[in-house]
Amino acid sequence: MNQQTINVPQPKPQMRSWILLLCLIAAASLTCRKAVERPGAAPNLQQEKWRAGVASAVITPEQSMWMAGYAARTKPSEGKVHDLRAKVLALEDDRGTRLVIVTVDLIGIPRPLRDWLERQVYRHHKLPPESLLLNASHTHCGPVIRETKYSIYGNSFYGLSPEQIQRSEQYVEALQEKLLQLIGQAVEKLTPSLLSYSHARAGFAMNRRLETEQGYRIRPNPDGPVDHDVPVLRVDSPDGELRAVLFAYACHNTTLSFYKFCGDYAGFAQQYIEEAHPGTTALFVAGCGGDQNPYPRGGERSLEYCQHHGRALANAVEAALLWRARPIRGPIRSVLETVTLDFAGPPSRRQLQQQAESDDKYDRRHAQVLLEELEQTGKIRITYPYLVQVVQFGNDMTIVALAGEVVVDYSLRLKAELAGPPSAGMIGASAAGPPVWVAGYSNDVFGYVPSLRILQEGGYEGGGAMRYTNLPGPWAPSIEKRIVDKVHKLVNKARAPLETRQ
Ligand SMILES: [Zn+2]
């Protein structure tokens, strides 16, 4: 049909403005209705079928234990504010491919614990290593879990008594069995579900690297880089019941520094979300908050600050739940590989012997552990096998899970570099490209992972914190490039069409 065959009467100019006005009013009312439509409802869109299962367990130590995070503590724990928890979200796409996400209110994930769990979940559930993602909230009000048989060369960084070390070992042994059981429970409970993504923001994380005349110090730096994004993966039943909320924030979980067990702000955020949505499991994922602190923090009012931060984060999740979430479709494609990171070069025996005489007990211990390594193996390690994991959800979302205490530069850079093209046919925030979610503190938490910028600037995250580990440090300048290149390689693999995957 062409225009010449139709004789449509054209409205007069005055009438035309009326029609335009009516059209605008109609459009505005439609938009308003859209904005208030079923707030918090699951996306009412055709999706591929998922199955999801969740499980949660208390992992608070049953007895007093030495607490992790602050080397300056002088006594073991004295009670609790609330329970520490481990939680599991198991997902299965319509091809039967699974992803199991485990979150814990603990300082970190010791690599040997991951290795053990990896073997067991393969044995019991045929779950391959790339399908297991572990993340720790990095609360500094949990038990010490590093000073166990897993501590290389038996060095005790916290200067624990043999009895305290034994308690820590027993705790970790019980923990790993509990995590295995929890994974089994979540897998058993797999039921039809819908997955969707939305996000919001929370502002209490502040950059904590301030340049001073004495170099970079841990102080609030309101002008430093931050990542205030709060990504949220929601799991709903097919009839719209909220089952689980997986959410993240890039900030140290260090409002508190006292002697009671507590999940810090992340623990409170999970508690508040679960209280507001009975029957829902809230799982916190630590982002790239290696150089971020929650402010204000510490002091006599620290518990109050902590609850406020928890509320702020829970509110951000609630805000994200209001928005019409983007449907997340499968299939799941997970990739897990190691990339070799280099240290700048080990100190000589002579340097270490000098350091072992230091007045500073942490320098002394660091030198002693490296000297012990030298004695036992004839050398000091010069590389580290760094774990990088990528999980791709169809064309809809990418999760990058990085090991160690990753600084915010990585999440800002990777999100910018990996962002996909805007989604066709979507409007507003939904038109943004498929989300890229970058987690730190995943699978192996061994120490800080600075960007090249921070490595060169120095300070605590740049290399100073290495003295609290059994690693030689600092890292070689290649660290950022090695990690970012590996992430790109794995993302390309995970995003490649199935038939071309190797
Ligand atoms: Zn830390």
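In what follows, residues are counted from 1 in the order of the sequence shown. From a predicted model like this one, the values you see are computed outputs, not experimental measurements.
A cation-pi geometry, defined here as NZ or CZ lying under 6.0 Å from the six-membered ring centre and within 45° of its normal, holds between Lys75 and Tyr259. For Arg381 and Phe343, the positive end is not near the middle of the six-membered ring at less than 6.0 Å and at most 45° from its axis. Geometrically, Arg297 does not engage Tyr305 in a cation-pi contact, judged by NZ or CZ lying under 6.0 Å from the ring centre and within 45° of the ring axis.
With respect to Leu113, the side-chain contact (heavy atoms from CB on, under 4.5 Å) criterion is satisfied by exactly one of Ile145, Asn443, Leu106, Leu179: Leu179. Applying ring-ring contact (aromatic ring centres under 6.0 Å, His included) to His82 and the options Tyr272, Phe268, Phe261 leaves one that passes, Phe268.
Side-chain contact check for Thr254 and Asp264: no donor-acceptor pair (N or O, by modelled atom type) lies under 3.5 Å. Of the N and O atoms on the side chains of Asp227 and Ser411, at least one donor lies less than 3.5 Å from an acceptor on the other residue.
Of the charged side-chain nitrogens involved, none lies within less than 4.0 Å of a carboxylate oxygen, so that Arg364 and Asp359 do not count as a salt-bridged pair. The pair Glu337-Lys493 counts as a salt bridge, with a side-chain nitrogen and a carboxylate oxygen less than 4.0 angstrom apart. Residues Lys481 and Asp485 are paired through a salt bridge, judged by an N-O separation under 4.0 Å between the basic side chain and the carboxylate.
Atom CD of residue Glu130 and atom CG of residue Leu127 lie 8.0 Å apart, to the nearest 0.5 angstrom. Between the NZ atom in Lys486 and the CG atom in Leu387 there is a gap of 10.5 Å [rounded to 0.5 Å].
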Throw together a table of side-chain donor-acceptor distances under 3.5 angstrom for residues 54-65, partners on residues two or more places apart or in other chains.
residue: Thr60; atom: OG1; partner: Asp83; partner atom: OD1; Å: 2.6
residue: Thr60; atom: OG1; partner: Leu84; partner atom: N; Å: 2.9
residue: Ser64; atom: OG; partner: Ser77; partner atom: O; Å: 2.8

